Protein chains: 2
Amino acid sequence: MAAGTKPLRADAARNRDKLLAAATQVFGERGMNAPLEEIARRAGVSIGTLYNHFPTRDALFEAIFPDRLAALDRVIDSALADPDPWHGLVSFLEGLFALQAQDRGLNDAVAAQWRLTAEASAACTRGFEQAGQIIERAKRSGRLRPDFEPQDLVTLVWAVSQVIRESIDTAPDTWRRCLDLFLDGLRAPESSTT
Amino acid sequence: MAAGTKPLRADAARNRDKLLAAATQVFGERGMNAPLEEIARRAGVSIGTLYNHFPTRDALFEAIFPDRLAALDRVIDSALADPDPWHGLVSFLEGLFALQAQDRGLNDAVAAQWRLTAEASAACTRGFEQAGQIIERAKRSGRLRPDFEPQDLVTLVWAVSQVIRESIDTAPDTWRRCLDLFLDGLRAPESSTT
DNA sequence: AGAGAATTTGAGGATACCCTCAAGTTGAGG
DNA sequence: CCTCAACTTGAGGGTATCCTCAAATTCTCT
């Protein structure tokens, strides 16, 4: 992509790919704090090689982040394309949480602190802005309570992420129930237009 | 309390108390995974002494648990005594979460997995049953949605505990907002009596 | 006070994970 | 095929925490 990207040697490129695949797996299974040695082991390379390619845990995590963001983008686009703004919001939330439920690493990242650098962070900001549009649209339609703020979305994400963490192994649908309860609290009280 | 409790030597009893006080502090500040050596240090005893009195982290945690439960009992009693069942439920939830917000250890315990042994666990069960009464009462009053189950309370606790964890240092009122949104989803839809 | 049991102590071994770097291996161009 | 820069390797030092145990201390009782 950028200008300064030197072409990797063939074996190095192969190892990098194996590392990305392993990281996707391991972060997905064990969350953001999974031991890096496990990732190296599963990629079939030494820990040193992992550090060659990705000097920090965050660098590795960010390298696999774009994929997740792409999935999220699809969710956002489809939500914005929904003719029914309320339904758009609902499907956005369901899509977002379904992604988190599939991926502990993403769930952790999103739950704990999107402390990501530059690029990834910018992408997050963009996603957050688009989410703001979804919210705004639903508010204008009169179906979302007017006092719902984007910050409430962050809170909701925190909340549901923990529900996912605790229940995903034993009762994987719990987060849907939680979201339903929340959504019932998000509907606008009475009338439809001002 | 029990029959087999040997009387402790004076210094041992003093140390035990200091350890309990330190544990309360440290678990409260740093959560359930706070280093035990920090507790020993703050109690002014050696790590060995800590292990003499409490062979495991859980033993120590459970030793300070009754106090929290007592506080919770007060919250529950006051909720059950409230003439307005809905208001009772609300004050129960607010009281519970306020306790969690004051104490990271309690918040962790309640959030993650109440993996406590025997006694403490039984007390939890009792508390949970009383919570069931609060729920039942609110349902019968027609103000709480009839499909709300005690399991939903667990989910709610998970959810809010994470909100507390993430926001307590920067925006300590966030959990109240979260609870408000939830509560709006918990009200019964329309009519009041069947 | 003196004896003996109860209690404390803290150095140190064990574990888990982090990260580095000197030495060895390998791919790519000549 | 040969060379050398690129890449890989994994032992090992660092940190943080856990937990143990033999020796030292302190309480209690007579």
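The structure displayed is predicted, hence computed values, not measured ones. Values below: every heavy atom of this structure, side chains too, minus hydrogens, waters and symmetry copies. Protein chains get the first letters and strands the later ones, always in sequence-line order, with residue 1 at the start of each.
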Among residues at least two apart in sequence or on other chains, which ones pass side chain to side chain contact (heavy atoms under 4.5 Å, CB included) with [X]?
X	value
Thr24(A)	Ile64(A), Arg68(A)
Asp77(A)	Gln130(A)
Asp147(B)	Arg177(A), Arg145(B)

Without swapping roles, check the side chain of Asp152(B) against the backbone of Glu149(B) for a donor-acceptor pair under 3.5 Å.
->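 Yes; at least one donor-acceptor contact below 3.5 Å.
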Does a side-chain N or O from Asn15(A) land closer than 4.0 Å to OP1 or OP2 of dT8(D), or not?
-> yes
Of Arg14(B) and Ala34(B), the one whose closest DNA chain D nucleotide lies more 5' =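 Checking each residue's closest nucleotide, the 5'-ward one belongs to Ala34(B).
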For DNA chain D, whose closest nucleotide is more 5', that of Ala10(B) or that of Leu36(B)?
-> Leu36(B)
By salt bridge (Lys or Arg N to Asp or Glu O under 4.0 Å), which residues pair with Arg176(A), not counting sequence neighbours?
->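 Result, salt bridge (Lys or Arg N to Asp or Glu O under 4.0 Å) vs Arg176(A): none returned.
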Side-chain donor-acceptor distances from residues 35-43 of chain B under 3.5 Å, at least two apart:
{"from": "Glu38(B)", "atom 1": "OE1", "to": "Arg41(B)", "atom 2": "NH2", "distance (Å)": "2.8"}
{"from": "Glu38(B)", "atom 1": "OE2", "to": "Arg41(B)", "atom 2": "NH2", "distance (Å)": "3.4"}
{"from": "Glu38(B)", "atom 1": "OE2", "to": "Arg42(B)", "atom 2": "NE", "distance (Å)": "3.3"}
{"from": "Glu38(B)", "atom 1": "OE2", "to": "Arg42(B)", "atom 2": "NH2", "distance (Å)": "2.7"}
{"from": "Arg42(B)", "atom 1": "NH1", "to": "Gln25(B)", "atom 2": "OE1", "distance (Å)": "2.8"}
{"from": "Arg42(B)", "atom 1": "NH1", "to": "Glu29(B)", "atom 2": "OE1", "distance (Å)": "3.3"}
{"from": "Arg42(B)", "atom 1": "NH1", "to": "Glu29(B)", "atom 2": "OE2", "distance (Å)": "3.1"}
{"from": "Arg42(B)", "atom 1": "NH2", "to": "Glu29(B)", "atom 2": "OE1", "distance (Å)": "3.1"}

Report all interatomic pairs (protein N or O, nucleotide N or O of nucleotides 22-26 of chain D) with separations under 3.5 Å.
{"from": "dT26(D)", "atom 1": "O2", "to": "Arg9(B)", "atom 2": "NH1", "distance (Å)": "3.2"}
{"from": "dT26(D)", "atom 1": "O2", "to": "Arg9(B)", "atom 2": "NH2", "distance (Å)": "3.3"}

Write out all pairs satisfying ring-ring contact (aromatic ring centres under 6.0 Å, His included) with one or both partners inside residues 86-112 of chain B, taking only residues at least two apart or from two chains.
-> none
Pairs in or reaching into residues 13-58 of chain A: which pass ring-ring contact (aromatic ring centres under 6.0 Å, His included), with residues at least two apart or in two chains?
-> Phe27(A)-Phe61(A)
Arg16(A) has an atom CZ; how far is it from atom P of dT8(D), in whole Å?
-> 12 Å
Find the distance Glu38(B):CD to dC18(D):C1' and express it as a whole number of Å.
-> 15 Å
For DNA chain D, find the residues of residues 42-55 of chain B with a heavy-atom distance under 4.0 Å and give them by number; none if there aren't any.
->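 Tyr51(B), in order of number.
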Under a criterion of less than 4.0 angstrom to any heavy atom of chain B, what are the 5'-terminal and 3'-terminal contacting nucleotides of DNA chain C?
-> dA5(C) to dA11(C)
Might you point out which heavy atoms bring Gly88(B) and Ser91(B) nearest each other, and give the distance in Å?
->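 Result for this residue pair: O-OG, 3.1 Å.
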Residues 80-99 of chain B vs salt bridge (Lys or Arg N to Asp or Glu O under 4.0 Å), sequence neighbours excluded, gives Asp84(B)-Arg143(B)
List in chain and number order the residues that pass side chain to side chain donor-acceptor pair (under 3.5 Å) with Gln162(B), two or more places apart in sequence or in another chain; answer none if no residue qualifies.
->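 Gln162(B) satisfies side chain to side chain donor-acceptor pair (under 3.5 Å) with Arg165(A), Arg165(B), Glu166(B) only.
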